[in-house]
Amino acid sequence: MQLLTPKQIHEWDAYTIAHEPVASIDLMERAARKCTDFIIENDFAASRVKIFCAKGNNGGDGLAIARQLIEAGIYCAVYILEFGALGTEDFQVNLHRLHQLTTNIYFLQAKEFFPLIEKNDLVVDALFGSGLNRPLENLSAELVNHINQSSAKIISIDVPSGMFIDKSSKSNTIVKAAYTLSFQSMKLCFLAAENADYFGEVIILDICLHPGYLKNTEIAFQLVSKKQISSFIQPRKKFSHKGTFGHALLIAGSKGKMGAAVLAAKGCLRSGVGLLTIDVPETSLNVLQTSVPEAMCITRDENIEWDNYSSTGIGPGIGTNEDAANLLMQTLQQYNKPMVIDADALNITASKKELLELIPAGSIITPHPKEFERLFGKTENDFLRMELAISESKKYPFIIILKGHYTLTAYNGKGWFNTTGNAAMATGGSGDTLTGIITSLLAQGYPSLSAALAGVYIHGYAGDLAKNILSSETLIASDIAEYIGRSLYQLSKKENGDNADDF
């Protein structure tokens, strides 16, 4: 699913109007009907409905919803922000239609006219939509604060009023919705952690915008779908052997941090690699050979035969001392295939920025937000961090996986947001497991972008499956590794899902 800018959303509406063809007012009616049906089907209109509108097309949606609710026998009162100017053409048409049905239409010229909102009321926020480009102020902001101070259930249409679609809304006055009914596609603002307190549960309503628009439009951001990832997973051929699926090298662990090496190893093995060798301190050999008997081990003082390995992952638990830094430098200088760089290896790189230039093309780095900040600089909000990841992905030939609830994979100026995973995975060692998964996929011959996208999706899917059995409170990183098999099994079934998009 593509994530569009406000300009592209407006263009998609216009394209649909021109090419379906459909009148603008009828397209608004279609969108409103989807919202009305949702409200009625979920019994949200059991008591009085209060709809708040400004005079743009979002307000026009609100007027159409009000009329449809009244026609369904539901009490509805409409409150319109009044600044002394006419509304848009479609707003005015719907206002005229509504006047034929009810006199419960009120114009708010000052805060003294704000209605009392009862706890059992349903509030529909149809004030400002995706076209908003400046923070709310004066009467608009006062009305939003008035709505937020109520205890009523709030449903926002398109986006919560006061929220920007594709830039930070920090310090804005924003409606705090329980539900947001958004049209046709997910919006970037719903993927930003800083907005989580405002949009509630997001429901995407299909209003049948013309698909032809997307075929000729350059989209910077997409949501990864199950069907996309499932298309990557290939069944094993009957005459395969362990050499068919690659030989991965993991450089991980140090004194007190061998758990990171174990978790990365389990993630790697459970993801299907044929052979795995782990480079560890000699004093820690027993840890690996006891906990991960399927893996081979070499020690830090042995020479690495780099040509033996089809992929390398480095970083989990190696530490950041001089020996670890030398180990990373050696790896970057002598291994020229795509590799996975994570954790301590990223922190070493952050202190020696020249190492960024040595990372082989097609490699994958996996920073969490703090590691990303150390590497590329601090940003003031989630949106600027996303923009920086996209910008850096144009400068360097490697892939950036910026970990988070909707993990962003940035490559060559484009971004893909992951749709699996949950808050239970915010536990120590989760990232080490991800490093192992992606290293395994690279070893098996997956193209770098496919390995990055599939690795993140499989990791999150395993976490979802584990949480459903074990609960959010009890899940640990080892559980994620244990559920990778079930994750891959579900993906290999190649069930019908969302339409696949070309990468």
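Quantities reported herein were computed from a predicted structural model and do not represent experimental measurements.
Minimum interatomic distance between Ala451 and Leu442 (heavy atoms only, all atoms of both residues): CB-CD2, 3.9 Å. Nearest heavy-atom pair across Ser169 and Asn195 is CB-OD1, 4.1 Å. In this structure, Thr433 and Ala477 approach most closely via the heavy-atom pair OG1-O, 3.9 Å. Of all non-hydrogen atoms in Ile204 and Val202, the two that sit nearest each other are CD1-CG1, 3.8 Å. The two residues Gly59 and Phe91 come nearest to each other via the heavy atoms C-CD1, 3.8 Å. For Ser363 against Pro338, the heavy-atom pair with the smallest separation is OG-CA, 3.6 Å.
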> Step by step, would you call Thr420 with Asp464 a side chain to side chain donor-acceptor pair (under 3.5 Å)?
Replying inline: CA-CA 7 Å; Thr420 59; Asp464 289 338; 4.9 Å; no
> Given the rule in the side chain to side chain contact (heavy atoms under 4.5 Å, CB included) test, do Phe183 and Asp61 qualify, once you have shown the distances and angles that lead to the verdict?
Replying inline: CA-CA 11 Å; Phe183 301 125; Asp61 292 334; 3.7 Å; yes
> Between Val124 and Ile39, is a side chain to side chain contact (heavy atoms under 4.5 Å, CB included) present by the stated rule, with each step listed?
Replying inline: CA-CA 10 Å; Val124 176; Ile39 291 169; 4.2 Å; yes
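Applying the salt bridge (charged side-chain N to carboxylate O under 4.0 Å, His left out) definition to pairs two or more places apart or across chains, those involving residues 105-121 are Lys50-Asp121. Applying the side-chain hydrogen bond (donor to acceptor under 3.5 Å, both in side chains) test to every pair with at least one member in residues 138-157, sequence neighbours left out, gives these pairs: Asp125-Ser156.
Contact check for Thr379 versus Glu373: no side-chain heavy atoms found under the 4.5 Å cut-off. A heavy-atom distance below 4.5 Å is not found between the side chains of Asp158 and Phe128. Contact of the Leu127 side chain with the Leu136 side chain is not registered, since no non-hydrogen atoms from C-beta on lie closer than 4.5 Å. Contact of the Thr409 side chain with the Leu449 side chain is registered, since non-hydrogen atoms from C-beta on lie closer than 4.5 Å. The side-chain heavy atoms of Ser230 and Tyr457, taken from C-beta on, include no pair separated by under 4.5 Å. Using a 4.5 Å heavy-atom cutoff, the side chains of Asp342 and Lys403 are in contact. Thr419 is not listed as a side-chain neighbour of Ser225, based on a closest heavy-atom distance of 4.5 Å or more. Residues Leu465 and Tyr489 form no side-chain contact, since every pair of their non-hydrogen atoms from C-beta on lies 4.5 Å or further apart.
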Below 3.5 Å, can you tabulate the donor-acceptor pairs from side chains in residues 63-80 to any protein atom, sequence neighbours excluded?
from  : atom 1 : to    : atom 2 : distance (Å)
Arg67 : NH1    : Glu29 : OE2    : 3.1
Arg67 : NH2    : Glu29 : OE1    : 2.6
Arg67 : NH2    : Glu29 : OE2    : 3.4
Arg67 : NH2    : Asn94 : OD1    : 3.1
Gln68 : OE1    : Arg33 : N      : 3.3
Gln68 : OE1    : Thr36 : OG1    : 2.6
Gln68 : NE2    : Glu29 : OE2    : 3.0
Tyr75 : OH     : Arg48 : NH1    : 3.2

Please list every donor-acceptor pair under 3.5 Å in which a side-chain atom of residues 173-180 meets a protein atom from a residue at least two apart or in another chain.
from   : atom 1 : to     : atom 2 : distance (Å)
Thr180 : OG1    : Phe199 : O      : 2.8

Extract all donor-acceptor atom pairs below 3.5 Å that involve side chains of residues 343-351 and protein atoms in other chains or at least two apart in sequence.
from   : atom 1 : to     : atom 2 : distance (Å)
Asp344 : OD2    : Lys257 : NZ     : 3.4
Asp344 : OD2    : Ile318 : N      : 3.2
Asp344 : OD2    : Gly319 : N      : 2.6
Asn347 : OD1    : Arg374 : NH1    : 2.9
Thr349 : OG1    : Ala345 : O      : 2.8
Ser351 : OG     : Ile348 : O      : 2.7

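Taking the centre of each ring, Phe417 and Phe221 come in below the 6.0 Å mark.
When atom types are taken as modelled, the side chain of Asn381 and the backbone of Phe383 share a donor-acceptor pair closer than 3.5 angstrom. Between the side chain of Gln184 and the main chain of Cys208, a donor-acceptor pair closer than 3.5 Å is present. Ser487 places no side-chain N or O within donor-acceptor distance of the main-chain N or O of Tyr483, the cut-off being under 3.5 Å. With hydrogens and angles ignored, the 3.5 Å screen pairs no side-chain donor or acceptor of Ser450 with any backbone N or O of Tyr446. At least one donor-acceptor pair closer than 3.5 Å links the side chain of Asn422 to the backbone N or O of Gly463. Between the side chain of Ser448 and the backbone N or O of Gly362, at least one donor-acceptor pair lies under 3.5 Å. Proximity of a side-chain donor or acceptor of Asn57 to a complementary backbone N or O of Gly60 within less than 3.5 Å is not detected.
Qualifying salt bridge (Lys or Arg N to Asp or Glu O under 4.0 Å) partners for Glu11, counting only residues two or more places apart in sequence or in other chains: Lys7. Every salt bridge (Lys or Arg N to Asp or Glu O under 4.0 Å) that Lys55 has, sequence neighbours left out, goes to Glu82. Under the ring pair (Phe, Tyr, Trp, His ring centres under 6.0 Å) criterion, His19 pairs with Tyr15, sequence neighbours left out. In this structure, Asp432 has no salt bridge (Lys or Arg N to Asp or Glu O under 4.0 Å) partners at least two apart in sequence or on a different chain. When the salt bridge (Lys or Arg N to Asp or Glu O under 4.0 Å) test is applied to Glu137, no partner is found at least two apart in sequence or on another chain. By the ring pair (Phe, Tyr, Trp, His ring centres under 6.0 Å) test, Phe372 is found to be paired with Phe376, residues two or more places apart in sequence or in another chain being considered. Partners of Ala410 according to the side chain to side chain contact (heavy atoms under 4.5 Å, CB included) rule, which considers only residues two or more places apart in sequence or in another chain, are Ala389, Ile390, Ser393, Ile400.
Interatomic distance, CD1 of Ile147 versus CD1 of Ile117, reported as 5.5 Å (0.5 Å rounding). To the nearest 0.5 Å, atom CD1 of residue Ile157 and atom CD1 of residue Ile155 are 7.0 Å apart. Considering CG of Leu205 and OG of Ser182, their distance stands at 8.0 Å, rounded to 0.5 Å. Here Leu4 contributes atom CG and Gln222 contributes atom CD; the two are 10.5 Å apart, rounded to the nearest 0.5 Å. Within the model, atoms NE2 of His405 and CG of Leu191 stand 9.0 Å from one another, a figure rounded to the nearest 0.5 Å. The structure places CD1 of Ile476 at 7.0 Å from OG1 of Thr427, a figure rounded to the nearest 0.5 Å.
In this structure, Glu194 does not pair ionically with Arg385, as no charged nitrogen and carboxylate oxygen lie closer than 4.0 Å.
No hydrogens or angles considered: a donor-acceptor pair under 3.5 Å links the side chains of His459 and Ser430.
Of the options Leu488, Ile480, Leu434, a side chain to side chain contact (heavy atoms under 4.5 Å, CB included) to Ile458 is made by Leu488 and by none of the others.
Heavy-atom contacts from other residues, nucleotides or ligands closer than 6.0 Å to CD of Glu20 number more than 12. Under a cut-off of 6.0 angstrom, the local environment of CD in Gln100 is crowded, with over 12 non-hydrogen atoms contributed by other residues, nucleotides or ligands.
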